[in-house]
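The structure appears right after this line, and notes come after that.
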Amino acid sequence: MEYVTLNNGYKIPQLGFGTIQQFGKQIEDNVAFALNNGYELIDTANRYGNEVEVGKGLKLSGLKREDYFLETKLGPTLYENDQAIDDTLKRLGVDYVDVMILHHPVNNYIYAYKMLEKAYKEGKIKAIGLSNFRVEQIQEILDQCEIPPMIMQVECHPYYPAEHVYDFCKENHIQLQSWYPSRTWK
């Protein structure tokens, strides 16, 4: 597996297994299978409604927590819920996640980003970032928050290269990560 080093020095796998639209026993088995067959990064989100099952799949894999990378997204309806990050960790059955990002640039995302910063400082999150944000909104985070995003997850592939976001992120040392297909670009 190849890894990418984020702007905080944390290394994450370049390829991940996404869990959108998978539920119940299917996702438990899929997560365990992925982790035992070459994938090291599992990507989920509050909005997917499967965090409990993803957590069961993590345990089913038989791997120790430090042997895989877990990435999740905080949903916009939780952006002002001070308990949201702890609730996410509880649903996943873990003490920390490797990456937590804000899923969409709506509602009070500045407040939510500051919640990520706090959890990052507490060691509950190893890297923080954004998803689906426009350049102007990323700049707003940079201007108003203390810790720069480490990851910007966006749709990015040969048919939609997202050059404007890519150039901005590269200039600001933010790692671009594609959610379709799920790959972190060097």
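Because the structure is predicted, anything quoted here is derived from the model rather than measured.
When atom types are taken as modelled, the side chain of Gln144 and the backbone of Ile141 share no donor-acceptor pair closer than 3.5 angstrom. Of the possible donor and acceptor atoms, one in the side chain of Asn46 sits under 3.5 Å from a partner among the backbone N and O of Gly75. Lys59 places a side-chain N or O within donor-acceptor distance of the main-chain N or O of Gly93, the cut-off being under 3.5 Å. Between the side chain of Asn7 and the backbone N or O of Pro149 there is at least one donor-acceptor pair closer than 3.5 Å. The backbone N or O of Leu63 lies less than 3.5 Å from no partner atom in the side chain of Asp67, so there is not a single donor-acceptor pair. Side-chain atoms of Asn107 come within 3.5 Å of backbone N or O of Pro76 as a donor-acceptor pair.
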*Go through the steps to decide whether Tyr120 and Asn8 satisfy the test side-chain hydrogen bond (donor to acceptor under 3.5 Å, both in side chains), and finish with yes or no.*
CA-CA 11 Å; Tyr120 173 77; Asn8 68 343; 3.1 Å; yes
*asked:* Set out, in order, the CA-CA distance, both residues' side-chain angles and the distance that settles side-chain hydrogen bond (donor to acceptor under 3.5 Å, both in side chains) for Gln177 and Glu71, then state yes or no.
replied: CA-CA 12 Å; Gln177 182 184 51; Glu71 180 170 352; 3.0 Å; yes
*Check the pair Val31, Thr19 against side chain to side chain contact (heavy atoms under 4.5 Å, CB included), reporting the backbone distance first and the verdict last.*
CA-CA 8 Å; Val31 166; Thr19 63; 4.1 Å; yes
*May I have the step-by-step check of side-chain hydrogen bond (donor to acceptor under 3.5 Å, both in side chains) for Tyr109 and Glu140, ending in yes or no?*
CA-CA 10 Å; Tyr109 58 83; Glu140 187 179 5; 2.4 Å; yes
*Verdict with reasoning, Gln83 to Leu78, per side chain to side chain contact (heavy atoms under 4.5 Å, CB included)*: CA-CA 9 Å; Gln83 194 61 36; Leu78 302 172; over 6 Å; no
*Audit row: Asp82, Lys118, salt bridge (Lys or Arg N to Asp or Glu O under 4.0 Å) steps and yes/no*: CA-CA 10 Å; Asp82 292 324; Lys118 180 179 183 288; over 6 Å; no
*Check step by step if side chain to side chain contact (heavy atoms under 4.5 Å, CB included) holds for Lys25 and Asn30.*
CA-CA 8 Å; Lys25 184 72 170 128; Asn30 288 352; over 6 Å; no
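Listed here is the closest heavy atom pair of Leu142 and Pro148: CD2-CB, 3.8 Å. Looking at every heavy atom in both residues, Pro13 comes nearest to Glu40 through CG-CB, 3.7 Å. A pairwise comparison of heavy atoms in Leu92 and Leu58 identifies O-CD1, 4.3 Å as the closest pair. Closest of all the heavy-atom pairs between Ala84 and Leu74 is CB-CD1, 3.7 Å. Summarising the geometry of Asn36 relative to Ser61, their closest heavy-atom pair is ND2-O, 3.2 Å, with the distance given to 0.1 Å. Between Leu176 and Tyr166, the shortest heavy-atom contact is CD2-CD1, 3.6 Å.
For Asn172 and Gln139, the side-chain atoms include no donor-acceptor pair closer than 3.5 Å. With 3.5 Å as the limit, one finds a donor-acceptor pair spanning the side chains of Thr44 and Asn50.
If you chain together hydrophobic residues whose side chains sit under 4.5 Å apart, Leu35 and Leu15 fall into the same group. Put simply, Tyr10 and Tyr68 are part of the same group of oily side chains (I, L, V, M, F, W, Y) that touch within less than 4.5 Å, one to the next. There is no path of hydrophobic side-chain contacts, each under 4.5 Å, that joins Ile138 to Val106. Taken together through direct or relayed side-chain contacts under 4.5 Å among Ile, Leu, Val, Met, Phe, Trp and Tyr, Tyr48 and Val54 form parts of separate hydrophobic clusters. Leu70 and Ile20 are members of different hydrophobic clusters when ILVMFWY side chains are connected at heavy-atom separations under 4.5 Å.
Here the straight-line distance linking atom NZ of Lys11 with atom CG of Leu6 works out to 10.5 Å at 0.5 Å rounding. Here the CD1 atom belonging to Ile125 is positioned 10.5 Å from the CG atom belonging to Asp98, to the nearest 0.5 angstrom. Note that CD of Glu66 and NZ of Lys64 are 5.0 Å apart. Values are rounded to the nearest 0.5 Å. Atoms NE2 and CD1, on His103 and Ile101 in that order, are 7.0 Å from each other to the nearest 0.5 Å. Atom CE of Met150 is separated from atom CD1 of Ile12 by 11.5 Å, given to the nearest 0.5 angstrom. The distance from the CD atom of Gln14 to the CD atom of Glu2 is 5.0 Å, given to the nearest 0.5 Å.
Taking 4.5 Å as the limit, every side-chain heavy atom of Gln153 sits out of range of all side-chain heavy atoms of Asn132. At a threshold of 4.5 Å between non-hydrogen side-chain atoms, the residues Glu51 and Thr88 count as touching. Side chains of Leu130 and Tyr113 form a contact here, defined as non-hydrogen atoms less than 4.5 Å apart. The shortest side-chain heavy-atom distance between His104 and Arg47 falls under the 4.5 Å cut-off. Leu102 has its side chain within reach of Phe133: a pair of non-hydrogen atoms, C-beta onward, lies under 4.5 Å apart. Using a 4.5 Å heavy-atom threshold, the side chains of Met152 and Ser131 count as separate. The shortest distance between side-chain heavy atoms of Tyr111 and Asn81 does not fall below 4.5 Å. With contacts defined as side-chain heavy-atom distances shorter than 4.5 Å, the pair Phe17/Gln22 qualifies.
For CZ of Phe33, the number of neighbouring non-hydrogen atoms (other residues, nucleotides, ligands) closer than 6.0 Å is 12 at most. Counting non-hydrogen atoms of other residues, nucleotides and ligands closer than 6.0 Å to CD of Gln21 gives a total of 12 or fewer.
Using a cutoff of 4.0 Å between basic side-chain nitrogens and carboxylate oxygens, Glu117 and Lys121 are not scored as salt-bridged. Under 4.0 Å is where a charged nitrogen must lie from a carboxylate oxygen, and between Asp95 and Lys90 no such pair does.
Ring geometry for Tyr3 versus Phe69: interplanar angle of 30 to 60°, hence tilted.
Cation-pi check for Lys126 over Tyr96 is met; the charged atom lies under 6.0 angstrom from the ring centroid and within 45 degrees of its normal.
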